[in-house]
Protein chains: 2
Amino acid sequence: MARRVTIKTIAEDLGISHMTVSRALSNSTNVRRETRELIRKRAAEMGYVKSAAASAMRGDATRIVGLLVPNLVNEFYARFANTLALLCEDNDLHLITHLTNDDPNRERLALMKLQELQTNAVVTVPAPATQPHGKQLFQGMKPIQFIRTQPLPFASDSIVIHDAEAIRQAVGHLVSRGHQRISYFGGHASLSSGRQRKAAFLEAMEAHNLTVHEGLIQTDSPSFEMGARKAAAVLAGQIDSSAIICGGFEISNGALDACLRANAVFPRDVAFVGYGDPGFYRWIQGGITTISLPIDQLAEQALQRLLQLDPDAPVQQHGFAAEFILRASA
Amino acid sequence: MARRVTIKTIAEDLGISHMTVSRALSNSTNVRRETRELIRKRAAEMGYVKSAAASAMRGDATRIVGLLVPNLVNEFYARFANTLALLCEDNDLHLITHLTNDDPNRERLALMKLQELQTNAVVTVPAPATQPHGKQLFQGMKPIQFIRTQPLPFASDSIVIHDAEAIRQAVGHLVSRGHQRISYFGGHASLSSGRQRKAAFLEAMEAHNLTVHEGLIQTDSPSFEMGARKAAAVLAGQIDSSAIICGGFEISNGALDACLRANAVFPRDVAFVGYGDPGFYRWIQGGITTISLPIDQLAEQALQRLLQLDPDAPVQQHGFAAEFILRASA
DNA sequence: ATGAAAGCGCTAACAC
DNA sequence: GTGTTAGCGCTTTCAT
């Protein structure tokens, strides 16, 4: 491979100083029109690409931004990453996506790798953590907490879901269909989203004068496997419940998978309310009732936060309402 | 935010030369044990992170690698990206994913952005192109063509699918169920994968002495929308066919969506063979018969190609066999 | 309108 | 075993 084309290469080629080339290529006014056009033309011919490394070293913003999500297999995260990636490309941001698997260690490593590259900002779905990350991990990087929030050593932007009302509607609907022993599978209390969704569920149950019997509330680190395990327990009668409400993307998919594996028929064997709305929910057994999130709005807001790199800008916290989608499964 | 911690910061803090710090942090032998440990300790305390920009400027490999896929919504690409991302993290590679939407323009822009960052290698699902990209787009970047291949100005690594046998089995199975007017929806001839899959289909039809009637072969730029449109045409009787074989991920999902929207029942109304095996295919109407790809092996091979940065290494072309998965829909 | 020098963080190549 | 210098590509500052 030929050596990289730099402004000096072009300068030599044209027999001028590299400074003139620099000016010509960065829209400075102090270059003769002809000279500028000549330089531009030659640069294009030679395949010049400005070195991001050199700019970064000078202290310019790298326009590198990060996205930390648990995975890309869950359609919610995939769609969000997809939309955000397109928005970033249209706004000249370099987006680097890392997967945390909801593991604080992977999260830490990802943040360190982003730091090496002088990433300017990072949208992160914080992993369930026993202790908050030190501020060192965010040196020079603006964090934007997404979906969940974790305490940070400084105030940070956040984008979260207001799903209390949707959960209330889910419970209300199930009650109207005669369910009383409604179970809830969610993330545990180390997650802000886990706490809030559980609280919303309890509140809704109370509003309908329903007793939350032993075993109806199941919380744990949110995962496909956890959802599958709990749903299997319901189907096996180990958890005495006629309806399931899921409080997490992974949990929802896992619970659904377990039900279908067991050949359960909704809502005959159990009523099912999912969380998140992957495309195929519409096609499973006439449609999975679920709680849907406004992915495009979330991505658009994330982009706005990513573009705001001014460290003195006031912290912004945004919430978006989830929607209860009634289909056949409950 | 405090200024970045560099080797000089640490050197000043310790009253030594920055070279000693550099040596201590990069495992050079020429540092006294004590000194090295002291430096290491202080560096950790101060939150030192090596500047990738400075290393890049010196000409070291950036260990940045790229992935260009049409989108992340299709579960095949999402799963592949997911697996590859985890592998890259474990191998200390920075993976940057760009979405092309199968649009050569987006592809070009993505390659240019990767070039700015001095990306070392890129796994790409080439977009349908009218003319091949110039070699300038790949200056300093090793391309690894994935799934499809496009002519490049130089030989390149590739990882493709051998699906002829699976397609043959699909046709054979449909014939055994009495189908004769079998239709095929695939990518058009500007794609290597489109050409090959269509050829495999034609060959299989011929092997069973079936006539490929007018309209049974439908090829176009592969998209969800195209699959949906063609499937709708079959259901509406505009294409006279009792069975559909899909030859692309997007096409498959689109065709499936259209069938389900129209409340079609497989295989009563039409027999359906998909392409790719998203998790939910298993749960739709007792299971979608499909052609499955070995995602983990593909990702593992992609990683191996990404790790091989030696420009003088011989070009490698790898093929993996697809598998015909028989379920209820055909 | 153009050029020369300096410095961003790092390490190879030389001193000593 | 440790220090000094130089240079990677770029732009800001200061000449001319």
K.L.:
side-chain contact (heavy atoms from CB on, under 4.5 Å) for A:Glu116 and B:His94? Distances and angles first, verdict last.
P.N.:
CA-CA 10 Å; A:Glu116 284 175 29; B:His94 301 273; 3.6 Å; yes

K.L.:
How many Å lie between CG on A:Leu117 and P on C:dG9, as a whole number?
P.N.:
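To the nearest whole Å, that distance equals 16 Å.
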
K.L.:
Could you tell me how far apart B:Ile10 (CD1) and C:dC10 (P) are, to the nearest whole angstrom?
P.N.:
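Checked: the CD1 to P distance equals 8 Å.
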
K.L.:
Would you call the rings of A:Phe76 and A:Phe249 parallel, tilted or perpendicular, taking 30° and 60° as the class edges?
P.N.:
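A:Phe76 vs A:Phe249 ring planes: parallel.
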
K.L.:
Base contacts versus sugar-phosphate-only contacts with protein, heavy atoms under 4.0 Å: please encode nucleotides 8-16 of chain D as B, S and - from 5' to 3'.
P.N.:
BBBBB----

K.L.:
Kindly give the heavy-atom pair with the smallest separation between B:Ala127 and B:Pro104, and that separation in Å.
P.N.:
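Heavy atoms of B:Ala127 and B:Pro104 come nearest at CB-N, 3.8 Å.
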
K.L.:
Taking five pairs at each end of the helix from C:dA1-D:dT16 to C:dC16-D:dG1, what angle separates the two helix axes (nearest 10°)?
P.N.:
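Axis angle across the helix from C:dA1-D:dT16 to C:dC16-D:dG1, nearest 10°: 50°.
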
K.L.:
Determine the interplanar angle of the A:Phe80 and A:Phe146 rings, folded into 0 to 90°, and report it as parallel if under 30°, tilted if 30 to 60°, perpendicular if over 60°.
P.N.:
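Ring orientation, 0 to 90° scale: parallel.
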
K.L.:
Send over the distance from A:Gln115 CD to C:dG9 P, rounded to a whole Å.
P.N.:
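The distance from CD of A:Gln115 to P of C:dG9 comes to 15 Å, rounded to the nearest Å.
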
K.L.:
Specify the separation, in whole Å, of atom CG of B:Leu14 and atom P of D:dT2.
P.N.:
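Atom CG in B:Leu14 sits about 12 Å away from atom P in D:dT2.
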
K.L.:
Got a sec, which pairs hit salt bridge (charged side-chain N to carboxylate O under 4.0 Å, His left out) with one end in residues 293-319 of chain A, sequence neighbours left out?
P.N.:
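Those involving residues 293-319 of chain A are A:Asp157-A:Arg305.
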
K.L.:
Any Lys/Arg nitrogen of A:Lys41 or A:Glu37 sitting under 4.0 Å from an Asp/Glu carboxylate oxygen of the other?
P.N.:
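Result for this pair is no, no salt bridge flagged.
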
K.L.:
Between atom CD1 of A:Ile159 and atom CD1 of A:Ile147, what is the distance when rounded to the nearest 0.5 Å?
P.N.:
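That separation rounds to 9.0 Å.
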
